[in-house]
Protein chains: 2
Amino acid sequence: MEQKQKSELTKQLILDESFKLFYQNGFKTTSVDKIMKATNLTKGAFYHHYKSKKDLGLEIISSTLQKRVYDGMITPLYQDGNVLDILESTFSGRLKSFSLFAKKHGCPMNNFINEIADEEEAYQIALKRIIEEWKAALVHLLERGKKENTINKSYSSNAIATYLISSFEGVRGIRKLYNDDQILDEYINGLSLYIDQLKA
Amino acid sequence: MEQKQKSELTKQLILDESFKLFYQNGFKTTSVDKIMKATNLTKGAFYHHYKSKKDLGLEIISSTLQKRVYDGMITPLYQDGNVLDILESTFSGRLKSFSLFAKKHGCPMNNFINEIADEEEAYQIALKRIIEEWKAALVHLLERGKKENTINKSYSSNAIATYLISSFEGVRGIRKLYNDDQILDEYINGLSLYIDQLKA
DNA sequence: TATAAAAAATACTAGACGGTATGTTTTTAA
DNA sequence: TTAAAAACATACCGTCTAGTATTTTTTATA
């Protein structure tokens, strides 16, 4: 079993280093050479574990990116408590928790979406899966709010979920243009106003 | 004057063709060779008119992109009429007017922002200028609404403007993941709900 | 029509790119 | 202990990249 363990470790190293580089410099302009330089391994190792750069990209999406969104934006939605509070704390709390690096480089998933989703259907499908699960979690939470009479029943949960996700991903891109957090503060302000108006 | 005219024409041709290619395939992966192949001119012509690819990128932002946002999203905000109606018609109207191509490839400005705004300060500044002017136009409209008592005076115009822009740019990215307009319909639904709640 | 300047064409670098072919070393199983 | 297989290393290929140097063509002006 020792061999399989080492193999897994190497794959994880490639995954970790490539994610960092994709996040910093984009997917297309990060070469396999650069990735393997960061791992201190060689190209031979890369092509032993992945059949292509595209193959690696798909695994980054379905493992690293998926996990990030789950941990940061989906799992928190399933906690107990007031629906409006959960919405507010999940969205604005996550924004406030970002490092300078994360603010500068935006949302890694959104970066992938904007860079390659319109070029390869395989990427599109893998990324869509994450968004759909995020949306489903939001809809589930909003439906609970309607049952508990904290969310206005006349509003479409799908519409609210889509609007929330869109604005969140949007501002993570726009923040790249600035060197301070004013735009994030304004966003949180606008978000808070929006959530407040979802009340029953 | 004929020489200057021809020169201007060539520059415009390079601008037009490169914009199309940047829009379709991204800035980084569109080479000068590809651009000049599309113009049926040679690389010599390119480097006669532009000192670098970066130089062209900056001109694309400050001319082509700027004009697009002005025509589509800023100028309409200065028309007469009910502020809420103008907001709704400008945002949802623009979304509905997009071609299949524009839906597939998202917002060219947002693509630039996500691809290169975190890598070169010169790009960042040029792109920020557009967003700031868009925001200023929205704030101006919202302030008018407050004066006319159609917009709730207790809401921050800056926050609303930021939230509107964020959600719009966000959904234009997310739409890339889908092959139909359902996500846009949901967005428009969510937007309409949001605008409705800005009332005084 | 001669001349100078602008516009564009041609030919070329040096390095980076994804991917492959073929080694060598390490681990596993008999 | 040995042979096969897995894990990597090394060297390389053809293609593409931004940019440069040089030459030819076109245009404006005197």
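Within every chain, numbering begins at 1; the chains are lettered A, B, ... in the order of the sequence lines, protein sequences first and strands thereafter. All values derive from a computational prediction rather than experimental measurement. When reading the values below, keep in mind they use all heavy atoms of this one structure, side chains included, and skip hydrogens, waters and symmetry mates.
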Subject >> Which residues share a ring-ring contact (aromatic ring centres under 6.0 Å, His included) with A:Phe101, sequence neighbours left out >> reply: A:Tyr23, A:His105

**OP:** With sequence neighbours excluded, give me every ring pair (Phe, Tyr, Trp, His ring centres under 6.0 Å) pair touching residues 79-100 of chain B.
**Re:** B:Phe91-B:Phe168

Subject >> Contacting residues from residues 54-62 of chain B, given that a heavy atom lies under 4.0 angstrom of DNA chain D >> reply: none

Original post:
Between atom CG in B:Asn25 and atom C1' in D:dC16, what is the gap in whole Å?
Top reply: 15 Å

Original post:
Does A:His48 have a side-chain nitrogen or oxygen under 4.0 Å from the phosphate oxygens OP1 or OP2 of D:dA7?
Top reply: yes

Subject >> d(OH, A:Tyr47; C1', D:dT10) in whole Å >> reply: 15 Å

Original post:
With sequence neighbours excluded, what pairs up with A:His48 under the ring-ring contact (aromatic ring centres under 6.0 Å, His included) test?
Top reply: none

Subject >> Results of salt bridge (charged side-chain N to carboxylate O under 4.0 Å, His left out) for B:Arg172 - residues two or more places apart only >> reply: none

**OP:** Give a yes/no answer on whether the side chain of A:His49 brings an N or O atom under 4.0 Å of OP1 or OP2 in D:dA6.
**Re:** no

Original post:
Along nucleotides 11-16 of chain C, 5' to 3', which nucleotides get a B, which get an S, and which get a -, given that the test is a protein heavy-atom distance under 4.0 Å?
Top reply: ------

**OP:** Not counting sequence neighbours, which residues clear side chain to side chain contact (heavy atoms under 4.5 Å, CB included) with B:Asp80? List them please.
**Re:** none

Subject >> ring-ring contact (aromatic ring centres under 6.0 Å, His included) involving A:Tyr47 - partner list, sequence neighbours excluded >> reply: none

**OP:** Using a 4.0 Å heavy-atom cut-off across all strands, classify A:Thr39 as base, sugar-phosphate, or nothing.
**Re:** nothing

Subject >> Heavy-atom donor-acceptor pair, B:Lys37 side chain to B:Thr42 backbone, under 3.5 Å >> reply: no

Original post:
Within this structure, what is the CG-to-C1' distance between A:Leu41 and D:dT10, rounded to whole angstrom?
Top reply: 14 Å

Original post:
Of all residues at least two apart in sequence or in a different chain, which pass the ring-ring contact (aromatic ring centres under 6.0 Å, His included) check with A:Phe46?
Top reply: A:Tyr50

Original post:
Does anything in residues 7-14 of chain A reach DNA chain D, meaning a heavy atom under 4.0 Å, and if so which residues?
Top reply: A:Ser7, A:Thr10

Original post:
What integer distance in Å separates B:Met36:CE from D:dC16:P?
Top reply: 18 Å

Subject >> Nucleotide C:dG19, atom P - distance to NZ of A:Lys53 in whole Å >> reply: 8 Å

**OP:** Could you state the atom-to-atom distance from NZ of A:Lys37 to C1' of C:dC17 in whole Å?
**Re:** 14 Å

**OP:** Enumerate the residue pairs fulfilling ring pair (Phe, Tyr, Trp, His ring centres under 6.0 Å) with a member in residues 169-200 of chain A, sequence neighbours excluded, ordered by first and then second residue.
**Re:** A:Tyr163-A:Tyr194, A:Tyr187-B:Tyr163, A:Tyr194-B:Tyr163, A:Tyr194-B:Tyr194

**OP:** Calculate the interatomic distance between B:Lys28 atom NZ and D:dA18 atom C1'; express it in whole Å.
**Re:** 15 Å

Original post:
Could you give the CZ-to-P distance, from B:Phe46 to D:dT17, as a whole number of Å?
Top reply: 13 Å

Original post:
Which of these passes side-chain contact (heavy atoms from CB on, under 4.5 Å) with B:Phe22: B:Ile61, B:Leu65, B:Leu56, B:Thr64?
Top reply: B:Leu56

Original post:
Under the side chain to side chain contact (heavy atoms under 4.5 Å, CB included) test, which residues partner B:Ser89, sequence neighbours left out?
Top reply: none

